[in-house]
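Below: the structure, in structure tokens.
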Number of protein chains: 2
Amino acid sequence: MSLPGSPEAVEQEVLDANHDFYRALQALDLGQMEAVWLHEDWVKCLHPGWDLMIGWEEVRESWENIFRSTSQMRVTISRPLTDVVGEAAWVSCLENVTSLFEGGFSIAHVEATNIFVRRDGRWKMVYRHAAPLPEAPSGAGTTVQ
Amino acid sequence: MSLPGSPEAVEQEVLDANHDFYRALQALDLGQMEAVWLHEDWVKCLHPGWDLMIGWEEVRESWENIFRSTSQMRVTISRPLTDVVGEAAWVSCLENVTSLFEGGFSIAHVEATNIFVRRDGRWKMVYRHAAPLPEAPSGAGTTVQ
């Protein structure tokens, strides 16, 4: 166990917030996703292959659309690395995403940067840059229909 | 002019640091690039299509390799957006990169997230995630040989 407030404990808090994001993503649960993000007009999200979403309204709507068009998702992450600078922190990790939707499925390898800020003692996601790895098959990955 | 220390002035400082990065990149100048980055073992850089570089030594070496193999580079950026949280800040922008190297050239459209921290009053780059846009031609862009 790390001492509360130690750098290791704070890093773990950030990793826990990052984990909550992936749990919400895999559950396709908008309520959980809402709890992960800061609801302000400056937050930003770059889904793989999409234009940048700016502000919580746009970000929320994009998750709603993704969750509506996806019937199942499995996400494993590897190599999570965290840096904390005051009330801001970011996680770099690799995602292995298998999505099942009407008509097929896709497998994508994604490089992600997730940025969090601490508000009232809780780390909230404020920025996400998710980009498919260039070596992955074109765009969303392999699709079998 | 913004008042010194105002949110607008601080955002401008970050945008100036971001501009210095692109000036160093376009000049293929390792000295300028060294001045942009924080020289610590936790900084990270994800060049388009590369594995993550961790620590200033690796990051510096990667720039050295890129600059050595490139004879000319033109970079224009668009839609720079900045968020500042205490001593940390990040810029999201789109890059249009034309590289000339032995045997050909490439044109790449890149989505970038550049993170800075303020040390001794100066904003230093500590993290960069640069990923080619999926709609760009395969990998590094169009190559004519």
TODO: Indicate yes or no: at least one non-hydrogen side-chain atom of A:Leu46 is less than 4.5 angstrom from one of B:Ser92.
DONE: no
Task: Residues, nucleotides or ligands: over 12 heavy atoms within 6.0 Å of A:Glu87 CD - done: yes
TODO: Please state whether the side chain, the backbone, both or neither of B:Leu94 comes within less than 4.5 Å of a heavy atom of chain A.
DONE: neither
Open item on the list: Are A:Val75 and A:Leu30 connected into the same hydrophobic cluster when the rule is that any two of I, L, V, M, F, W, Y join if their side-chain heavy atoms are below 4.5 Å apart?
Closed with: yes
TODO: Flag yes if A:Met53 and B:Leu81 sit in one hydrophobic cluster, no otherwise; membership is Ile, Leu, Val, Met, Phe, Trp, Tyr, and two members link when side-chain heavy atoms are under 4.5 Å apart.
DONE: no
Open item on the list: For A:Arg122, is the CZ atom crowded, meaning more than 12 foreign heavy atoms sit under 6.0 Å from it?
Closed with: no
Task: A:Asp51 CG to B:Arg79 CZ distance, which is reported to the nearest 0.5 Å - done: 8.0 Å
Open item on the list: Within the 4.5 Å heavy-atom criterion, are A:Val85 and B:Arg118 side-chain neighbours or not?
Closed with: no
Task: Plane angle bin for A:Trp90 and B:Trp90 - parallel if under 30°, tilted between 30 and 60°, otherwise perpendicular - done: perpendicular
Open item on the list: I need the A:Trp42 CH2 to B:Thr82 OG1 distance, nearest 0.5 Å.
Closed with: 12.0 Å
Task: Shortest non-hydrogen separation from B:His129 to A:Glu111 and the atoms involved - done: CE1-O, 3.3 Å
Open item on the list: Within the structure provided, determine whether B:Asp83 and A:Val117 are in side-chain contact (heavy-atom separation under 4.5 Å).
Closed with: no
